[in-house]
Amino acid sequence: MRHNTARSYGSVARSLHWLTALIILSNIALGLWAERIPLDQMALKVQVFSLHKTLGIAALVVALARIGWALTQTRPAPVHPERRLETLLAEAVHWTLYGAMVLVPVTGWIEHAASEGYAPILWPLGQGLPLVPKSPALAMTMAQVHHVFAFLLIGSVALHVAGAVKHAVIDRDGVLGRMTRGLPAGDGIVARHLMPALVALAVFGAGAAYALATRPMDAAPRATLEQAASDWQVQDGTLGFAVRQMGSTVTGQFSDWTAAITFDPDSGAGAVTVTINMDSVTIGTVTDQAKGAEFFDVTAHPTAIFEGVIRPEGDGYVAEGPLSLRGQQMPFTLPFALTITDGLAQMQGQAVMDRRDWQVGAGYADESTVGFQVDLTVALTARR
């Protein structure tokens with residue numbers, strides 16, 4: 001029989017139940033495994049997270065199908081309606097489980113859509129979502145909510161299984177047979193109320209509040225640079241970069257840097273010394289990884305220094321000199337455009353670097369994981 005009755009589950013509901021259980025348990029295992037894979041096995045970590053996200057989309061589709069089918073069906077009544085507290089708890093767990101089946105993949109999907117270039121979904125859809133901007137702050141918030149809701153899902157699954165075992169081993173009342181073989185059980189006396197749904201809503205509200213209160217925030221650099229003495233004083237500026245990660249472009253920037261500039265507008269000659277606080281880097285959800293020993297190794301090499309000689313070239317200018325980064329010193333050339341009006345200089349420059357020249361991410365020899373090319377962009381306004 002395909003349809004439910006007040007005493008049993010039909011074949012469609014049972015099939016969706018066991019398919020949901022298989023997907024959820026598999027994806028819980030994948031998620032826990034992915035979290036524990038060390039960063040030095042990044043290729044494997046990315047692959048497992050991709051599988052986890054892909055299966056999460058499947059879990060959401062099946063959950064919505066299950067909920068949609070349940071809304072059209074009679075719901076089998078509790079077998080022991082006289083056990084009010086037990087029935088309330090069982091119903092609350094069911095509501096929590098149904099909510100988590102939707103909210104866990106949705107929050108994970110939003111986190112993925114707000115992130116850039118990490119562990120793609122393997123379905124031919126879903127890398128982005130309407131109304132979800134690329135935002136590291138949003139991604140980090142959704143990651144924390146997803147994490148908390150995932151443990152609510154694990155807890156509700158554990159309680160659900162414990163309840164099924166109790167009915168099968170202690171009560172022996174046929175409840176498990178309703179879902180395994182569609183056998184009838186209980187008297188079919190329906191007594192529905194809203195309290196279990198309100199309990200589940202309170203659980204998710206508390207979970208969301210905890211997630212928001214404990215979400216990681218972008219930490220300020222451990223130390224900030226003192227403004228360098230300069231003939232031209234930098235008033236504002238940006239120092240950013242972009243790199244391909246897992247086939248997508250991710251962008252980052254350094255928020256703390258100084259520039260000591262000497263420049264003669266008449267001859268176009270000058271010099272610049274740029275000091276970068278490497279701990280001020282941000283690059284979305286992989287900021288901590290970028291600061292680690294595999295990449296910028298901020299602890300051992302807290303600053304990068306570029307000492308360039310400025311000269312005219314073509315319609316613009318170039319700054320050429322050594323760039324010391326991560327303990328490696330290599331020649332570097334930055335072409336830039338410059339306009340000076342009433343003593344106010346505005347500069348924009350772009351350069352292409354190869355991260356391997358400075359031993360950044362040396363363990364990532366496969367460009368499909370982290371690209372070799374890094375696009376650097378600089379813009380500043382300075383006044384003499």
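One-based numbering along the sequence shown.
With sequence neighbours left out, the side chain to side chain donor-acceptor pair (under 3.5 Å) criterion links Asp173 to His80, His167. Trp95 is linked by a ring-ring contact (aromatic ring centres under 6.0 Å, His included) to nothing, counting only residues two or more places apart in sequence or in another chain. Checked against side chain to side chain contact (heavy atoms under 4.5 Å, CB included), Val243 has the following partners two or more places apart in sequence or in another chain: Val250, Ile283, Val370, Val374. Take Arg84 and apply the salt bridge (charged side-chain N to carboxylate O under 4.0 Å, His left out) test, not counting sequence neighbours, and it matches no residue. For Arg83, the salt bridge (charged side-chain N to carboxylate O under 4.0 Å, His left out) partners are Glu86, Asp171, not counting sequence neighbours. In this structure, the side chain to side chain contact (heavy atoms under 4.5 Å, CB included) partners of Leu22, at least two apart in sequence or on a different chain, are Ser26. Partners of Ala211 by side chain to side chain contact (heavy atoms under 4.5 Å, CB included), not counting sequence neighbours, listed by chain and number: Gln144, Val145, Val148.
Using a 4.5 Å heavy-atom threshold, the side chains of Asn277 and Phe254 count as separate. No side-chain heavy atom of Phe336 sits less than 4.5 Å from a side-chain heavy atom of Gln348. No side-chain heavy atom of Leu334 sits less than 4.5 Å from a side-chain heavy atom of Val318.
Within the 3.5 Å criterion, the main-chain N or O of Leu122 finds a donor-acceptor partner in the side chain of Thr54. Side-chain atoms of Thr5 come within 3.5 Å of backbone atoms of Ser8 as a donor-acceptor pair (strictly under, hydrogens ignored). Counting only distance, with no hydrogens or angles, the side chain of Trp232 and the backbone of Phe263 share a donor-acceptor pair below 3.5 Å. A donor-acceptor pair is defined here as one N or O able to donate and one able to accept, closer than 3.5 Å; such a pair exists between the side chain of Gln73 and the backbone of Asn4. The backbone N or O of Phe372 lies less than 3.5 Å from a partner atom in the side chain of Glu367, making a donor-acceptor pair. In this structure, Thr287 contributes its side chain and Thr282 its backbone to no donor-acceptor pair below 3.5 Å. A donor-acceptor pair under 3.5 Å is absent between the side-chain atoms of Lys291 and the main chain of Val298, judged by distance alone. Between the Arg75 side chain and the Ala6 main chain, no donor and acceptor come within less than 3.5 Å of each other. Looking only at distances, no side-chain donor or acceptor of Arg178 sits under 3.5 Å from a matching main-chain atom of Gly174. The main-chain N or O of Leu225 is found under 3.5 Å from a side-chain atom of Asp256 such that the two form a donor-acceptor pair.
Sorted by first and then second residue, the pairs that involve residues 315-326 and meet side chain to side chain donor-acceptor pair (under 3.5 Å), not counting sequence neighbours, are Arg311-Glu320, Ser324-Gln329. Judged as a side chain to side chain donor-acceptor pair (under 3.5 Å), the pairs with a partner in residues 97-114 (not counting sequence neighbours) are, in order, Lys53-His112, Arg66-Tyr98, Thr107-His146, His112-Gln127. Evaluation of the salt bridge (Lys or Arg N to Asp or Glu O under 4.0 Å) test over residues 223-240, restricted to residues two or more places apart or in two chains, returns none. Counting only residues at least two apart or on different chains, the side chain to side chain donor-acceptor pair (under 3.5 Å) pairs with a member in residues 373-384 are Gln373-Asp375.
Here the closest heavy-atom approach between residue Ala200 and residue Ala92 is recorded as CB-O, 4.0 Å. Listed here is the closest heavy atom pair of Ala351 and Pro335: CB-CD, 4.4 Å. For the residue pair Pro78 and Pro81, the shortest heavy atom distance occurs at O-CD, 3.5 Å. Across Trp358 and Leu323, no two heavy atoms sit closer than the pair NE1-O, 2.9 Å. Summarising the geometry of Ser267 relative to Pro312, their closest heavy-atom pair is O-CG, 3.6 Å, with the distance given to 0.1 Å.
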Set out, in order, the CA-CA distance, both residues' side-chain angles and the distance that settles side-chain contact (heavy atoms from CB on, under 4.5 Å) for Leu30 and Phe49, then state yes or no. CA-CA 7 Å; Leu30 283 172; Phe49 264 123; over 6 Å; no
One pair to check against side-chain contact (heavy atoms from CB on, under 4.5 Å): Leu325 and Met278. What are the steps and the verdict? CA-CA 9 Å; Leu325 169 65; Met278 300 303 292; 3.5 Å; yes
What's the verdict on side-chain contact (heavy atoms from CB on, under 4.5 Å) for Ile305 and Ile276, showing C-alpha distance, side-chain angles and the deciding distance? CA-CA 6 Å; Ile305 299 175; Ile276 306 168; over 6 Å; no
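For the pair Arg14 and Tyr9, the cation-pi criterion (under 6.0 Å, within 45° of the ring axis) is not fulfilled.
One hydrophobic cluster, built from ILVMFWY side chains closer than 4.5 Å, cannot hold both Leu344 and Val378; they sit in different ones. Linking Ile, Leu, Val, Met, Phe, Trp and Tyr whenever their side-chain heavy atoms come within less than 4.5 Å leaves Leu16 and Val102 in two separate clusters.
Listed by chain and number, the hydrophobic cluster partners of Val175 are Val79, where partners are ILVMFWY side chains within reach of under 4.5 Å, directly or through others.
Atom-to-atom distance recorded for Ile67:CD1 and Met101:CE is 5.0 Å, nearest 0.5 angstrom. Between Thr258 atom OG1 and Gln227 atom CD the span is 6.0 Å, to the nearest 0.5 Å.
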